[in-house]
Amino acid sequence: MIVQHGGHMDGLEHLLSGPRARQAFLLRMVMEPPWSVRIEDDPALTLFAVLRGSAWVTGELGEPLELTEGDVAVVRGGPVYTVADHPGTAPQVTVEKGNRCVDLDGHLVAQRMSLGVRTWGNCHDGSTVMLLGTWEAETEAGRPLLAALPGLLARRRGEWDATLVDLLAVEVMREEPGQEVVLDRLLDLVLVSVVRSWLASEEQVTRGLAHTDPVVGEALRLMHHRPEHGWTIASLSREVGVSRASLARRFGELVGEPPMTYLTHWRLSLAADLLAATDDAIEQVARQVGYGSGFALSAAFKRVRGVSPQQHRKAARAG
């Protein structure tokens, strides 16, 4: 039996209760043109907010995107991209894995570019000021939330309530007891606020509805929380209390693909993470994500992702 709390809000609460930053990397960047920072670090999620001036985001995220004062962008996973005063400016600093910032000669720049508490840049009074926050691990950002987000999500000033960013901008420069915890929670709230406004936006209504729908939202939750279970359309529909046909139809309408296809992609993305982040044997990874054998996982992985689990692991380690 499913107990519904607060009706339709259940799915959204499930989605937005994920973010739990833990001693997040939080930085205030102050820059004067020309400037360009290449990001090669790969946290689960990164949030940029422009407090003053403007910045361009270019690279593996699609079309170049300009962010101006009051705009915010959320980047999922580990694409390599550049944040700069202009798309044509060559990178002067690279943020490597583990938030290691180096110049073109590979020298660490953290000390040289430090401008005070959690503040970093090339000029004390630069014309562009940005906040940058990261959720390092998938568990910190919340897996269901990550599954629902595109690679790059941008919200313009006026499309969301930026009050929390102003608060974060003040708090980021303070050194008080327990400040890390305050900043972590504020960062989570900013993310929730951005995602909530995006889910409510025109283009996202159906995607958001999938998680708030009592039937489809519950099916998604079951798959997200228990990927190792041997789900079938029959067992899922039994759990959510509707017929197979009705679940398949509603799921297809709101998610855009059949439940079992979605489950396959979800399992394979979990497997991809485990392969990259652990040394677990393929057999072990297979069992954790609901495949009966390493062979079955390998076949599905290759069919959907075009590479074997071993090749994926090797590429993830090298990259």
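Any value given below was found using the heavy atoms of this structure, including those in side chains, with hydrogens, waters and symmetry copies removed. Positions are given from 1, in the same order as the sequence printed here.
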[Y] side chain reached by [X] side chain, heavy atoms, under 4.5 Å:
| X | Y | result |
| --- | --- | --- |
| Trp120 | Val93 | yes |
| Phe25 | Leu27 | yes |
| Leu168 | Leu183 | yes |
| Lys97 | Asp42 | yes |
| Arg174 | Val117 | no |
| Trp266 | Pro227 | yes |
| Leu132 | Thr46 | yes |
| Leu247 | Val240 | yes |

Just how far is it from atom [atom1] of [X] to atom [atom2] of [Y], taken to the nearest 0.5 Å?
| X | Y | atom1 | atom2 | answer |
| --- | --- | --- | --- | --- |
| Phe301 | Ile282 | CZ | CD1 | 8.5 Å |
| Thr68 | Asp71 | OG1 | CG | 4.0 Å |
| Met130 | Ser54 | CE | OG | 9.5 Å |
| Met260 | Arg267 | CE | CZ | 7.5 Å |
| Leu45 | Thr134 | CG | OG1 | 9.0 Å |
| Asp279 | Arg317 | CG | CZ | 5.0 Å |

Whether [Y] and [X] form a salt bridge (side-chain N of Lys/Arg under 4.0 Å from carboxylate O of Asp/Glu) is what I want to check.
| X | Y | result |
| --- | --- | --- |
| Asp184 | Arg22 | no |
| Glu175 | Arg118 | yes |
| Arg157 | Glu159 | no |
| Arg52 | Asp125 | yes |
| Asp103 | Arg112 | yes |
| Asp280 | Arg287 | no |

Side chains of [X] and [Y] only: does a donor on one sit below 3.5 Å from an acceptor on the other?
| X | Y | value |
| --- | --- | --- |
| Thr261 | Thr264 | no |
| Glu239 | Ser237 | no |
| Arg155 | Ser197 | yes |
| Asp166 | Thr163 | no |

Do [X] and [Y] belong to the same hydrophobic cluster, where Ile, Leu, Val, Met, Phe, Trp and Tyr are linked whenever their side-chain heavy atoms lie under 4.5 Å apart, directly or via other members?
| X | Y | result |
| --- | --- | --- |
| Val304 | Leu275 | yes |
| Val181 | Leu47 | no |
| Val75 | Val80 | no |
| Leu167 | Leu189 | yes |

task: Indicate the ring-plane relationship of Phe251 and Tyr262, choosing parallel, tilted or perpendicular according to the 30° and 60° boundaries.
output: perpendicular

query: Parallel, tilted or perpendicular: which fits the ring planes of Tyr81 and Phe48, with parallel below 30° and perpendicular above 60°?
result: perpendicular

- request: Linking directly or through intermediates, with side-chain heavy atoms under 4.5 Å: list the remaining ILVMFWY members grouped with Val102, chain and number order.
  value: Leu108

For the residue pair [X] and [Y], what are the closest heavy atoms and their distance?
| X | Y | value |
| --- | --- | --- |
| Ala21 | Asp188 | N-OD1, 3.0 Å |
| Val74 | Leu149 | CG1-CD1, 4.4 Å |
| Trp160 | Gly70 | NE1-O, 3.5 Å |
| Leu236 | Pro259 | CD1-CB, 4.4 Å |
| Val289 | Leu274 | CG1-CD1, 4.0 Å |
| Leu26 | Gly133 | CD1-CA, 3.6 Å |

message: Heavy-atom count check: over 12 atoms from other residues, nucleotides or ligands less than 6.0 Å from Glu63 CD?
response: no

query: Taking everything shown except Arg244 itself, do over 12 heavy atoms lie less than 6.0 Å from its CZ?
result: no

task: Go through the steps for Trp135 and Leu146 under the test side-chain contact (heavy atoms from CB on, under 4.5 Å), then give the verdict.
output: CA-CA 11 Å; Trp135 289 257; Leu146 289 174; over 6 Å; no

- request: Applying side-chain contact (heavy atoms from CB on, under 4.5 Å), run through Met113 and Asn122 and close with a yes or a no.
  value: CA-CA 6 Å; Met113 293 182 75; Asn122 64 7; 4.2 Å; yes

- request: Begin with the C-alpha distance, continue with both residues' side-chain angles, and end with the deciding distance and a verdict on side-chain contact (heavy atoms from CB on, under 4.5 Å) for Thr128 and Asp85.
  value: CA-CA 8 Å; Thr128 294; Asp85 66 323; over 6 Å; no

Side-chain donor or acceptor of [X] paired with backbone N/O of [Y] under 3.5 Å:
| X | Y | answer |
| --- | --- | --- |
| Arg313 | Ala276 | no |
| Glu180 | Gln23 | no |
| Trp56 | Leu67 | no |
| Glu218 | Val215 | no |
| Asp273 | Leu270 | no |
| His229 | Trp231 | no |
| Ser298 | Gly294 | yes |
| Arg76 | Leu152 | no |

Under 3.5 Å, which donor-acceptor pairs do the side chains of residues 28-35 form with other protein atoms, sequence neighbours left out?
| residue | atom | partner | partner atom | Å |
| --- | --- | --- | --- | --- |
| Arg28 | NH1 | Thr119 | OG1 | 3.4 |
| Glu32 | OE1 | Ser127 | N | 2.9 |
| Glu32 | OE1 | Ser127 | OG | 3.3 |

